[in-house]
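See below for the structure under consideration.
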Amino acid sequence: MYLKLRKHVSTRHVIQSLVAMIVVYIGITFVIFINQIANNSTPILNRPAGVEAFLPISALVGLKAWITTGSFDPVHPAGLVILLLAVTLSLLLKRTFCSWICPIGTLSEGFAKIGKRVFGRNFTIPNWLDYLLRSVKYLILFFFVLAIFFGMSGLDAAAFVQSPYNMVADIKMLKFMQHLTSVGMIVIGTIVVFSILYENFWCRYLCPYGGLLGLLSVLSPYKITRNLESCIQCGQCTRRCPNHILVDQASRVWSPECTGCLNCVQQCPSNDTLTFESQLGLPSLSPKALAVGILVISVLFIVSAKITGHWKTNVTVEMYKQILPLVDQIGH
């Protein structure tokens, strides 16, 4: 059992570490690119398209524009591709984007581990307050869906995609992180502290994208499935679940909070009692098979986007040189 658990943890953590290294590379490359533009020199490194993964609102507006006008976002196409990837993974393989790929999810796990080391455990929130707090991410999601998909016309969405503000959204994001205000530091610091104290605080209570992917993941054919006959009711699966799902009380886990991390499957001491299983006649997925599936789908999305010209922005280096000095005035 010990070897089995270690194998699973390393499988998911290797993917998380790989994604984390890619994110760090993207961040460093983007900073260098912007500094080269600011110095009016010829960029040695190209702008990394993956930085658009951190522009979720732009991606949602781009999705609205694409659906209504048929025009794929030319300014931040990679952001829309990554959004579509996350949605597809959720529809097929639960919220695995959150627990296997998302760097914020990885950070959240890391903070929780710090809490366990410092305090010996993570604290829990009373059930009544937990239910109330979980609604926050859905309220935030409802606000954005209402504002974008019902409050904007297709032409408005397309106009926003091409607007100067959207063109510099990535630069504004960078400047925000480089020059955090006291309010920004307090907000981020508060989230970090609560993430150390309470496992998956951001993902569980505040992330609207997690809420969206969770709702979509209910439609996934794959779910954690419990064999009622072989279950020994040890409760290890529930104790292991980072999202506090009562796995030991369900025959199939339908909860939108399930991120498909498979911690419960690996913790189960009874062989083949918990499986990541489909009711469509598809084979059940081991952690290794799930990892391969996630990687294959992700690579297919990115490669297809590159081949079809839906990965790199149409904002040229010369355009960046023209708009960079005006970033602080755009949007005000």
Side-chain angles (χ1 to χ4, degrees), residues 5-6 8-17 19-20 23 86 89-90 93-141 187-215 217-218 223-224 226 234-250 253-269 274 276 287 290 294:
L5 176 58
R6 292 290 296 177
H8 164 61
V9 170
S10 64
T11 300
R12 188 168 69 89
H13 287 185
V14 164
I15 292 181
Q16 287 181 310
S17 299
V19 173
V23 169
L89 285 175
S90 298
L93 301 171
K94 291 294 289 181
R95 270 176 65 187
T96 47
F97 184 88
C98 297
S99 60
W100 291 71
I101 295 178
C102 179
I104 306 302
T106 301
L107 270 179
S108 185
E109 283 189 39
F111 289 136
K113 288 178 180 178
I114 292 174
K116 287 178 182 178
R117 284 185 176 272
V118 173
F119 303 105
R121 66 187 179 96
N122 294 124
F123 297 93
T124 57
I125 293 176
N127 287 336
W128 66 270
L129 182 57
D130 177 69
Y131 280 114
L132 286 177
L133 290 177
R134 271 191 281 164
S135 67
V136 173
K137 66 177 179 287
Y138 295 110
L139 291 174
I140 299 173
L141 173 64
V187 170
I188 293 176
T190 301
I191 293 174
V192 169
V193 169
F194 276 97
S195 297
I196 291 173
L197 298 176
Y198 303 101
E199 192 171 24
N200 282 356
F201 182 83
W202 167 263
C203 307
R204 187 170 178 80
Y205 301 122
L206 299 176
C207 180
Y209 260 68
L212 171 64
L213 299 182
L215 293 176
S217 74
V218 174
K223 292 177 176 64
I224 299 296
R226 183 170 65 98
C234 65
Q236 290 292 330
C237 52
T238 293
R239 284 191 287 273
R240 180 66 175 171
C241 178
N243 298 301
H244 312 296
I245 298 170
L246 301 178
V247 182
D248 61 343
Q249 297 180 22
V253 176
W254 287 81
S255 171
E257 300 299 327
C258 177
T259 59
C261 67
L262 302 195
N263 284 359
C264 60
V265 173
Q266 287 297 134
Q267 187 69 18
C268 181
L274 281 179
F276 193 52
L290 179 56
I294 292 170

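Keep in mind it's a predicted model, so treat the numbers as computed, not measured.
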Got a second to check how far Lys94's NZ is from Cys261's SG, nearest 0.5 Å? 11.5 Å
Find out whether Asn200 and Thr259 are in side-chain contact, i.e. whether some heavy atom of one side chain is under 4.5 Å from a heavy atom of the other. no
Shortest non-hydrogen contact from Phe123 toward Tyr198: O-CD2, 3.2 Å
What residues form a side-chain hydrogen bond (donor to acceptor under 3.5 Å, both in side chains) with Lys223, not counting sequence neighbours? none
Residues which pass side-chain hydrogen bond (donor to acceptor under 3.5 Å, both in side chains) with Gln236, listed by chain and number, not counting sequence neighbours: Gln267
Approximate separation, where rounding is to 0.5 Å, of Arg240 CZ and Asn263 CG: 4.5 Å
Which heavy-atom pair separates Leu141 from Gly211 by the least distance, and what is that distance? CD2-C, 3.9 Å
Considering residues at least two apart in sequence or located in another chain, which fulfil the ring-ring contact (aromatic ring centres under 6.0 Å, His included) criterion with Tyr209? none
Can you list everything that forms a side chain to side chain contact (heavy atoms under 4.5 Å, CB included) with Ile101? Sequence neighbours excluded, please. Val19, Leu89, Phe97, Ile294, Ser298
Residues that Ile224 engages under side chain to side chain contact (heavy atoms under 4.5 Å, CB included), provided they are two or more places apart: Val247, Val253, Cys258, Leu262, Cys264, Val265, Leu274, Phe276
Listed by chain and number, what are the side chain to side chain contact (heavy atoms under 4.5 Å, CB included) partners of Leu107, not counting sequence neighbours? Phe111
Atom pairs and distances, side-chain donor-acceptor, residues 128-140, under 3.5 Å, sequence neighbours left out:
residue : atom : partner : partner atom : Å
Asp130  : OD1  : Arg204  : NE           : 2.9
Asp130  : OD1  : Arg204  : NH2          : 3.3
Asp130  : OD1  : Tyr205  : OH           : 2.5
Asp130  : OD2  : Arg134  : NE           : 3.1
Asp130  : OD2  : Arg134  : NH2          : 3.0
Asp130  : OD2  : Arg204  : NH2          : 3.0
Ser135  : OG   : Leu132  : O            : 2.4
Lys137  : NZ   : Arg204  : O            : 2.6
Lys137  : NZ   : Glu257  : OE2          : 2.9

Between Thr238 and Asp248 (side chain of the first, backbone of the second, donor and acceptor by atom type, cut-off under 3.5 Å), is there such a pair? yes
I'd like to check Cys234 versus Pro269 (side-chain heavy atoms, cut-off strictly below 4.5 Å). Are they in contact? yes
Measure the NE2-CD1 distance between His244 and Ile125 for me, rounded to the nearest 0.5 Å. 8.0 Å
Can you tell me how far apart NZ (Lys113) and CD1 (Ile196) are? Round to the nearest 0.5 Å. 14.0 Å
Quick note, salt bridge (charged side-chain N to carboxylate O under 4.0 Å, His left out) partners involving residues 97-112, not counting sequence neighbours, are Arg12-Glu109
Quick one: does Ser217's side chain have a donor or acceptor within less than 3.5 Å of a partner on Gly214's backbone? yes
Mind checking what makes side-chain hydrogen bond (donor to acceptor under 3.5 Å, both in side chains) contact with Asn122, not counting sequence neighbours? none
Taking all non-hydrogen atoms of both residues into account, name the closest pair between Pro287 and Gln266 and its distance. CG-OE1, 3.2 Å
From Ser99 atom OG to Leu290 atom CG, the distance as rounded to the nearest 0.5 Å: 8.0 Å
How far does CG of Leu206 sit from CD1 of Ile104, to the nearest 0.5 angstrom? 12.5 Å
Determine which pairs satisfy salt bridge (charged side-chain N to carboxylate O under 4.0 Å, His left out) with at least one residue from residues 192-203, sequence neighbours left out, and list them in order. Lys116-Glu199
Quick one: closest heavy-atom pair of Leu197 and Phe119, and the distance? CD2-CE1, 3.6 Å
Can you list the residues that meet the side chain to side chain contact (heavy atoms under 4.5 Å, CB included) rule with Thr190, with sequence neighbours excluded? Ile186, Phe194
